[in-house]
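Below, read A as the first sequence line, B as the second, and so on, with proteins coming before strands; counting in each chain starts at 1.
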2 protein chains.
Amino acid sequence: MKSQMLKGILEGCILKLIEKETLYGYDIIVRLKEFNLSMVSEGSIYPLLHKLQKAGYITGRRVKSAEGPMRKYYKITDEGKNYLDEFQLHWRELDGAVNQIFEEEYDDNPAQKRI
Amino acid sequence: MKSQMLKGILEGCILKLIEKETLYGYDIIVRLKEFNLSMVSEGSIYPLLHKLQKAGYITGRRVKSAEGPMRKYYKITDEGKNYLDEFQLHWRELDGAVNQIFEEEYDDNPAQKRI
DNA sequence: CTCACTACCTTGCTTTACAAGTTATTAAAT
DNA sequence: ATTTAATAACTTGTAAAGCAAGGTAGTGAG
């Protein structure tokens, strides 16, 4: 997947993941990779998490881990939920517009092409 | 629509529009607005067209117009078509990933939630 | 003791997008 | 004749986004 396609969208995705369940940064990276967003790396995620926290969309708290250094768990705020709703609307608009532009023709029977 | 969601995607969209038919910059802006990509403006489009031309993905030629100054019509190249195919693959991946993350639960009957 | 995995963070760079301006042509309105 | 509006292309300066490449540190296995 190309990286420069992600601008702005990554923010919404990690906010959505945090909305579903409280997560820490490293875990978010692992999960995004599971969703085939393979290009996301720590240099993208951690600064974004700090930005979201500064904006008041998430809150973080440090928790000791038995398997490594301390984890910083993030939780979404009410403001964050509002922002996420907005993002979702914008994403749907963008998604619809781009898919409309790239819409395929029905080549197997052009005469009966659907409208 | 929010503007910062567009990074990278705008490029693919205008390349696709040029693939469908030879277009000039001003017309591309009008068409993108018709697709509800209302935030696109000249400051985004013209530099992008120059970048695409420099990369060899499109070629431009100036044509006189009866309704105003000269138009610069752009046509996609074979290289541009290859690049567009790549873009389309990447877009589908991104689209699938994001929609999976934002997938709604089937609240009306959680017990029979689809897999 | 070293290696690998986990976990967080920062610096510096490139790319992207866009607001706000400029210039110029045509046609309609004043 | 002059202003206005629409058309059409372009540039400058700025902000934002993403990421590679580094660093630091804890845990556990070999």
Side-chain angles (χ1 to χ4, degrees), chain A residues 1-15 18 22-33 37-55 58 60-74 87 90-91 94 97-98, chain B residues 1-15 18 22-33 37-55 57-58 60-74 83 87 90-91 94 97-98:
Chain A
M1 160 108 48
K2 282 173 63 178
S3 53
Q4 76 265 27
M5 296 187 62
L6 270 181
K7 303 257 172 146
I9 297 168
L10 196 50
E11 187 182 293
C13 287
I14 78 174
L15 198 50
I18 292 171
T22 302
L23 291 173
Y24 57 98
Y26 190 83
D27 202 14
I28 291 171
I29 294 164
V30 172
R31 278 157 197 269
L32 286 173
K33 280 190 182 139
L37 298 173
S38 51
M39 81 302 296
V40 298
S41 64
E42 310 189 355
S44 307
I45 297 303
Y46 289 115
L48 244 180
L49 287 170
H50 297 156
K51 183 193 150 194
L52 288 170
Q53 185 170 23
K54 204 178 166 192
I58 55 175
R61 69 178 225 282
R62 306 186 144 277
V63 176
K64 262 183 223 160
S65 162
E67 297 121 76
M70 292 191 92
R71 297 170 178 170
K72 198 165 168 192
Y73 282 92
Y74 290 101
F87 171 84
H90 293 313
W91 165 254
L94 178 66
V98 176
Chain B
M1 162 108 47
K2 282 174 63 179
S3 52
Q4 76 264 27
M5 297 187 64
L6 272 180
K7 304 258 170 146
I9 298 168
L10 195 50
E11 188 182 293
C13 288
I14 78 174
L15 197 51
I18 292 171
T22 301
L23 290 174
Y24 56 98
Y26 190 84
D27 202 13
I28 290 170
I29 294 163
V30 172
R31 278 156 197 269
L32 286 172
K33 281 191 182 140
L37 298 172
S38 51
M39 82 302 295
V40 299
S41 64
E42 311 189 356
S44 307
I45 297 303
Y46 289 116
L48 244 179
L49 287 170
H50 297 156
K51 183 193 150 194
L52 288 169
Q53 185 169 25
K54 203 178 167 191
Y57 298 152
I58 55 175
R61 69 178 226 283
R62 307 185 143 277
V63 177
K64 264 185 223 162
S65 162
E67 297 121 77
M70 291 192 93
R71 297 172 177 169
K72 197 166 170 191
Y73 282 92
Y74 290 100
Y83 182 74
F87 171 85
H90 293 314
W91 165 253
L94 178 66
V98 176

A/Asp27 CG to C/dC5 C1', in whole Å, measures 14 Å
For this session: Output yes when at least one side-chain N/O atom of B/Lys51 is less than 4.0 Å from OP1 or OP2 of C/dT16, else no.
Result: yes
The reported gap from CG in B/Leu37 to CD1 in B/Ile29 (rounded to nearest 0.5 angstrom) is 12.5 Å
Polar-atom pairs under 3.5 Å, protein N or O versus N or O of nucleotides 11-13 of chain C: list them with distances, or write none.
none

Close N/O contacts between protein and nucleotides 26-30 of chain C (under 3.5 Å):
from	atom 1	to	atom 2	distance (Å)
C/dT26	O3'	B/Ala66	O	2.9

Between A/Ile9 and A/Trp91 the two heavy atoms that sit nearest each other are CD1-CZ3, 3.7 Å
Identify every side-chain donor-acceptor pair in residues 39-49 of chain B under 3.5 Å, counting partners at least two apart or on other chains, and give the distances.
none

Under 4.0 Å between a side-chain N/O of B/Tyr26 and OP1 or OP2 of D/dA9, yes or no? no
Discussion item. Would you say A/Tyr46 places a side-chain N or O within less than 4.0 Å of OP1 or OP2 belonging to C/dT10?
Written reply: no
Rounded to the nearest 0.5 Å, the CD1 atom of B/Ile18 sits from the CD1 atom of B/Ile58 at a distance of 4.5 Å
Between the NZ atom in A/Lys33 and the CZ atom in A/Arg31, the distance rounded to the nearest 0.5 Å is 14.0 Å
Among D/dA9, D/dG18, D/dC10, the one nearest any side-chain atom of B/Arg71 is D/dA9
side-chain hydrogen bond (donor to acceptor under 3.5 Å, both in side chains) filter on A/Tyr26, not counting sequence neighbours, yields none
**Report entry** Side-chain touch A/Leu52/A/Lys54, heavy atoms, less than 4.5 angstrom
**Finding:** no
side-chain hydrogen bond (donor to acceptor under 3.5 Å, both in side chains) filter on A/Tyr24, not counting sequence neighbours, yields A/Arg71
Looking only at heavy atoms, the pair that brings B/Tyr57 and B/Leu15 closest together is O-CD1, 4.2 Å
Closest to the side chain of A/Lys72, out of C/dT16, D/dC10, C/dC8, is C/dC8
Q: Taking only the side-chain nitrogens and oxygens of B/Ser44, find out if one of them lies under 4.0 Å from OP1 or OP2 of C/dA17.
A: no
Rounded to whole Å, the NZ-C1' distance (A/Lys33 to C/dA7) equals 13 Å
To the nearest angstrom, the CG-C1' distance between A/Leu37 and D/dG18 comes to 13 Å
Contacts of A/Tyr74 meeting ring pair (Phe, Tyr, Trp, His ring centres under 6.0 Å) (sequence neighbours excluded), chain-then-number -> none
The residue, B/Met70 or A/Gly25, whose nearest nucleotide of DNA chain C is more 5′ is A/Gly25
Here the distance between atom C1' of C/dC8 and atom NE2 of A/His50, to the nearest Å, is 7 Å
Closest of C/dC8, D/dT11, C/dC18 to the B/Ser41 side chain is C/dC18
Considering only heavy side-chain atoms of A/Val40, the closest of D/dC19, C/dT6, C/dA17 is D/dC19
Rounded to whole Å, the CD-P distance (B/Glu11 to C/dC18) equals 14 Å
Against the side chain of A/Glu42, the closest entry in C/dA7, D/dA9, C/dC9 is C/dC9
To the nearest angstrom, the CG-C1' distance between B/Leu10 and C/dT15 comes to 13 Å
Between CD1 of A/Ile45 and P of C/dT6 the distance, given in whole Å, is 16 Å
Whole-Å distance, A/Lys54 NZ to D/dA17 P, equals 13 Å
When B/Arg62 and A/Leu48 are each assigned the nearest nucleotide of DNA chain D, the 5'-most assignment goes to B/Arg62
